[in-house]
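Atom set for the values below is all heavy atoms of this structure, side chains included, hydrogens, waters and symmetry mates excluded. Sequence lines set the chain letters: A, B, ... in the order given, protein chains first and strands last, and positions in each chain run from 1.
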Amino acid sequence: MNLFIEYIIAALLLLGAVFTLVGAIGLAVLPDFFTRLHGPTKATTVGVGAMALASMIWFANQPMGTGFVEILIMVFLLLTAPPSANMMAKAAMHMEVPKVGNTRGDPWGQ
Amino acid sequence: MLGRLSFPQPWLSLLLFSIWQLLADGVGGGSVVVGLILAWGIPQLTQSFWPERPAVFKAWRLPGYLLLVLWDIVIASFEVAWLIISPRRPEPMFISYPLQLDCPQAIAILASTISLTPGTVTADISDDHKILLIHALDTRTAEEVIEAIHNRYEKPLMEMFQ
Amino acid sequence: MELVFALAIGALTAGGVYLLLRARTFPVVLGLTMLSYGVNLFLFASGRLATGSQPVLGTAAQYADPLPQALVLTAIVIGFAMTAFVVVLSLRNLADHGDDHVDGDPKKRTPTSKHARERRPL
Amino acid sequence: MTHWLLAPILIPLLGAILQIFVGYAPMPLRRVLAIITSALTLAAAIVLLNLAGDDTYRVYAMGNWQPPFGIVMVLDRLAAMMLVLTASLALLCHLFAIGGTDEGTRQFHSLFLFQLMGLNIAFLTGDLFNLFVAFEILLIASYGLLMHGSGSTRSTPGLHYVVLNLVGSSLFLISVGMIYSVTGTLNMADLAVKVPLVSGDQRFLVEAGGMLLLVVFALKAAVLPLTFWLPRAYASATAPVAAFFAIMTKVGIYGIIRVYPLVFGANAGEMANLGMNWLFPLALATLIMGVIGVMGAQTLRTLVTWQLVISVGTLLAPIALGSQKGLAAALFYLLSTTWTVGGLFLLIELVRSQRGSASDKIVMAPQIRHRTLLSSLFFFGAVSAAGLPPLSGFFGKLMILQSTTSGVEMAWLWGTILTGSFFTLIAYSRAGSVVFWRNIEGEIKNSTPVTPLLALSTGALIGMSVLMVALAGPISAYTSATAAQLLDTRGYIQTLQAPMVEEGS
Amino acid sequence: MSLPLVVLLPFLGAMAAPLFAQGGRTAIAIASTVPALIALAALFPHWQTLADGGVVLYTYEWLPALGLSLSFRLDGLSLLFALLILVIGILIILYARYYLKPEENIGKFYGLLLCFMGSMLGIVLSSNLLLMMIFWEITSLVSFLLISFWTHKKGARRGARMALTVTGGGGLALLAGILIIGQIVGSYELDDVLAAGPIIKAHALYPVALTLVLLGAFTKSAQFPFHFWLPHAMQAPTPVSAYLHSATMVKAGIFLLARLYPALAGTEQWFYMVSFTGMATLLLGAYIAMFKHDLKGLLANSTISHLGLIVLLLGMGTELATVAALFHVINHATFKASLFMAAGIIDHETGTRDMRRINGLWRFMPHTATLAMVAAASMAGVPLLNGFLSKEMFFAESLALNLPGYWAWLPPIVATLAGIFAVAYSARFIHDVFFNGKPINLPIYPPHEPPRYMKIPVEILVFACLMVGMFPTISVGPLLYAASSATLGVPAPDYKLAVMHGLNLPLFMSFLAFFGGLLMYSQRKRFFAFHDRFREIDEKAIFEKVVFSLGLRANRFTAATENGSLQRYVMLLIVSALAVAFLPISEMGLFIGSNGLTPVDWPTATLGAVLIASALATAAMHRERFFALVLISVVGLLTALTFVRFSAPDLTMTQLSVEVVTVVLLMLALYYMPSWTPVESSRGRRVRDMGIALLAGSGMTIITLAILTQPFSSISEFFLANSKTGGGGNNVVNVILVDFRGFDTLGEISVLAIAALGIFAMLKNTTLTPPPGDGLGHAWARQSHPTMLKQIARPMLPMALMVSAFIFLRGHNLPGGGFIAGLITAVALILQYIASGFSWTEDRIAMRYHNMIALGLLFAVMTGAGSLAFGYPFLTSTFGYITWPVVGKFELASALVFDLGVYLAVVGATLMMLVSVGRISPHSAIRAIPSESSHDADTTTLTQRETE
Amino acid sequence: MIAIVLKISIALVVIAALLNVYRLIVGPHAPDRVLAIDTLAINAIALIILLGITLNTRMYLEAALLIAVMGFVSTVAMAKYLKRGSVIE
Ligand code: NA
Ligand code: NA
């Protein structure tokens, strides 16, 4: 495996891990449910996506051959993250989970 | 009778066929045969689960849109990451987004796009499919968000579905 | 490594047993579920622990013991069927007695309510 | 390799599958198919009984894999006997069920046949984990059957039964894990070879595993202190189900007879006769508990459920003592008590159906219809259950009593069994005289007629105790030979050498 | 052959009796007499053999292992009893013809009577102790049914139960005694046992055996302190009292003592136990008889007394006493049976048995009165009647008994005293009934003589009393001699059966008894007054009370132990498991085996810690149910990760997919349940439970640690070696599942299928009202199917099916397989249910889940059975590689078809389970919604809900 | 190099998982917990991918795929329960 590819893999892995961590930090530190919702839905999705890409490249350079399952993982993650977020937000709005004080606008309660 | 042998949803069949080639780790004789069988059989089994299909769907516009969204996801993710790490408190806002799209599939794609692109999450779709409720993580005004979404995503979608 | 694994099984068992000894069906179901996690890990452990040597021919130099894995797989499935049944049975119990106490009819139960206290969640 | 060993498994399985398919077909068709299945299972069991009579072991290697690697079914005398017992009980209960109790849900017949299949696998299998699977099949089917019928009384006892058995299943798995973790095998014959060789700290693991397995079997058999789930569960089940469940406690006993003499028997070195010193006093305590239960019973159902507990204690005491005579006696008694108790459950249902709101409560009520028939059947059932001459229960107890040699054990066993019989006699005579003779003025409305089918199936089960006396000679010869076969473990171990079907043969 | 026939005939008659019941009383009586007559006739040919001191034996092997054979023996003793049983039996049959009313259940009566006759003959003719035991208990059972013949009478039912309890219980003791004797002797054959007398008596268990045998004999023969059942048995119809409770069954105990005489008698223990019991019974019975106002009560207590007399004689242990005992058996049977029949006639004709009301019957029924008076005189021991003779012998033997010191006086005094009472109550029977003024307030008045034939049996018996009394040697001499010899086991001693032995001490005692008795009767008022000062004990009431209180206590005990508390039962189970595992585990030296520990990597340790924390947190936070559910999902997820970490990809996937389905199921259930659990146990209880949990957890930890560090080898080498070559797959786990242990998998999918069917059946007609809102007080939201979810869920389905197909097809060679694929499909469909609703989805699934399950099972079975056609065992797999042009090399494995069965069964079962639960939701009841436009559907649902 | 990066990445993801668990325990509301476990499941995907690269095997990727496909369903079920009570209706 040439060094360049190794660098790319390493960079993707680190990027992915950092994004994952940042998403988690967001989940841990952001002030209310609705702001926390942003962390996982993107940072984590992107983070895992980067790692999946790294994995794909890694195995493409291994003797046992390529695979594209990683792409499918990404597809499913991207496909499912929005409805998950939607459903959770709906639940939170329904339960009247308090929003942080400086939020403008109102959630619905439908 | 012949109708049953056709591909009821050709785009889906194509998609499934491609997915199978991905899953089967490369295109080969066996994977093509099995892929074809599945690409034919699965839509047959599931077509009744898609009762209302969009009247117009310009599928060729989809890849471009997806690339756009993907790019936005990557770029904007950094913004959110920065926002999370930075000590500044975000200024969140609930925004009602007036929809111009009316096809439910298109609305779902738009809502998903909004959710995936950093800084906004679709919190809800109104029952009459006229308004999206968006939660923006950090924005000054509602208008800039509405504007951005409308121009960047809703317009291409309207072209695709109308 | 073995110690962590053993402690995990211990915690699952302990938690499961404690929940099994509760008076309502829901915690009992949770207890059964958790106990079966513990038991599955235990049965799995009877083939010892292996890292990176999954029992798929040609993918590793050495292979983990495949038999316990097959047994655990069977046990998971059976456990799932049983859990499903017991969940539904507790619903029937609830429907029949208007109460999810494991001993059924509130009127016929030996009173334990001396200690019963209502508490709001969250 | 004779394919007959498959028959008691595949016949009920295919019958059950068929029942699912025809679930919405007219009731008569489903009933006929169900009964045919049960009858064929009995026929297959009888064929196997005939085969087993020559004292050789027959091995059926599932998937043509050599034991100990594949799963084997092993036919010996014990297995054949249990198969016939179960199939005969099942057929008669099934006949009773099609008299009307099978209505309510469309799943009754398939559940019933699945349960039969599970039982048959349990009796045939030569593999410890497959025994677990068989237990689960028969348990899950029994859960379903237990809940069959209307009314809100059975969900709680059902829940208790299920939860306890699920914990029991966990214990079973733990014990399988412990045994496998040392011996590296699951085949029972292989275990019999490997367990005596275990030494050092590993021995304690196997020992603990073996003891846990005993707890599992004791739970199924309802040995004290694991008895208490039984009375309410059985008392709440629909009659043919409760009657069929008379075999369920025997499955626990079967497990003990199957595993312990073989794997932890006299040849097991340091682990010889594992757990039997615990089992004996517990068996007697179970017997006593059963007698107390019978004495205190306020309904006929409860009475008979505790009778079931008595029979468990009576059976396990000689088994724990481990002599060949004792084992033979226990097997004879097992046959007798299973049929009798099953018959009593059916009979009580008939009595209930005649007594309106008095149901099976041991209280005065207006005179019932079919009193002569029902009270005579009760009399015979009670005589056999209490172990009085001239019915088979007496012979079973007599054999058990005779099997002990003088000593402390004899004093305990005799004292307990005979005193137990005495109190049982009091309880039965009281119950019978109140229910059948102590009548008040009035008439019972809504009594359902006792059809010939119901009477026949009930009578046949209770009548087995007469048949057993008539055939006491051959039956006791069979059980003696069975006990001898069980205690001479060499034959079973030989099953490891069973030849496989060769390529192209 | 004739001996078994003698026993068998009455039983055959019993079975036939109900058939003749239609023909009326005469027909059935005749039909019942026939077997008895034949049996009687069958005995006669043997007479010569017996008279010569021989025995007739018949043996047929039955259960050699038990020592139980069908062996019969006829000797003098058994002949004596057999004749009593048959002759009196025939008379009773005749008598009962008139005694019973036509509307009574004569079929049952005669059937039982013949049953009794057969079993009684069985007792006396058995030559095998176990066989005798069987007949012994049958007599108790039949007696129970006969006493309670009038089931509507409370007294009859209670008397019957009491009799059964005492005699049946005694029978159990006897059984134990016989078994001990059998163990000592090594045989139950009478010949062996009687020959082994010295061995038995010298054996350490002899006292136990004797006590047990005596318990059997004494209870049956109503000896003190077990005498109380007999008077209450008099609730039976009089023929029964006469037959069972005076002439025959109560003599069974005496027969037993006589039968086992050579084996057991002749020891001090025998002497003291038997003679003192007899003495006490003799006196007590005589005393009570005096005070009974009930005619049958008097006779019953007199019977007790006479039985005591016979027992006392047998206890004395001398040869002459034994002869006397047997003689008295005959005499008592004759006079007492006739007295009972007379009493029955009086009862029959007056409607009462109360002697205070029955007076002066002489005027109304002189014939009966004469008969009764003769019989009563015999009972009193008046000369020229048979009772006198045996009583005389008894007095003589009581004098001959050499007890030390003053004790020597005891037997004669007791004998005389009993004689006085006997005369007194006999006098009462004669005077109070037939004279003593006029009847008072009789239910039937005026009484008449009974039908002619009803008196014939009495006449025959009274005639016998006279004959024996006057010509003893001719009438019973040879029989008594044969019986005595048979009993003693040696030729009987010289004795004279003369009407008069001259003036001697026994005659004086008789004299004393006679006049003393008359004096006592004349002073009866004082005695009655004296007796009335004591409260009469009602044994039946006591018995009922004891039984009731036993039942109550038993019930309380049962209720306290079997209290219906699952928590207790589970606790017992877990504690049992801990207890039995503790000992072996505590014996282990080191918990860490020879392989030692491997180093920990910190990510695993951290996640392990999270797993542990989540598990404990689930237990700690279980009251908040939703939270607990989330926590247990974490546990499940981490368990799945553990499987990845330790090289079990198949398990990971299985665990994950099962986890999802379980969570959905729990959510479905939680909807109907309270959202939180109240505190229900005390602090102490929780601490106890924590203790148990902690012990269980530590136990599992220790065992796991021990296992993981022990060296190991297993049969799995075989699987690894043969997976590819024999099973055609690289994924050994999958090959084990579908091939090596495919039978387990067949069982496993059966379990799933059964669970689904069971759930479906259980939820049929179950209605549950969900709470109106969540635990926080929010009403549930109205919108049921959110647009976004719906729109995403639909494309998910084909994609998930694709993944499912992928996982399915690769399973044989790589992680995956039918089970996981099935769960993916199921979950994808469940998603449709969640997103679009029950009816919408249901309408789109082509196949009924029942059929899907059945089809899956059928596929699996048929694949397995396919190998049968090729001569291979069930589930033998086959696989091959096919090369197609263009396509390339394909593997075709039968295991794949098997796995397809698994797939179908899993999909069907999983969906059926979840959907069944979904079905009980009240929303899903609204099914008449046009489902084309889902948006409209939502609105419709809303409207409908609002109008509800 | 990759080995070190993998170690660092795993460490970061494990820390991320701990943070998720923190949110899950702290809550304070049920939707927070659902969000936390949803994120945890995605972290698990990351861990499985990283483990696969570390052990150089693709055996585990399908497990990750399964989480991606199925984890979503339990999140949706939980959220729907919180809002609507009835998950399938
Ligand atoms: Na966004
Ligand atoms: Na009078």
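In this structure, chain F has no heavy atom under 4.5 Å from any part of A:V75. With a 4.5 Å cut-off on non-hydrogen atoms, F:N20 touches chain A through its backbone and its side chain both. Residue A:I71: no heavy atom, backbone or side chain, is found under 4.5 Å from chain F. Using a 4.5 Å cut-off between heavy atoms, F:A11 does not touch chain A at all. Both the backbone and the side chain of F:L35 come within contact range of chain A, each with at least one heavy atom under 4.5 Å from a heavy atom of that chain. Looking at F:L50, only its side chain comes within 4.5 Å of chain A, counting heavy atoms on both sides. Contacts between F:T75 and chain A at a heavy-atom distance below 4.5 Å involve the side chain alone, from C-beta outward.
Counting heavy atoms from C-beta on, the side chains of F:V13 and A:M51 come closer than 4.5 Å. By the 4.5 Å heavy-atom criterion applied to side chains, F:L19 and A:I25 are counted as neighbours. Between F:I53 and A:L13 there is a side-chain heavy-atom pair separated by less than 4.5 Å. Contact check for A:L79 versus F:F72: no side-chain heavy atoms found under the 4.5 Å cut-off. Put simply, the side chain of F:R58 reaches to within 4.5 Å of the side chain of A:E70, judged on heavy atoms. With contacts defined as side-chain heavy-atom distances shorter than 4.5 Å, the pair A:L27/F:Y22 does not qualify. At least one side-chain heavy atom of A:M87 sits less than 4.5 Å from a side-chain heavy atom of F:K80.
In terms of heavy-atom pairs under 4.5 Å with chain F, the best-connected choice from A:L72, A:V22, A:T45 is A:L72.
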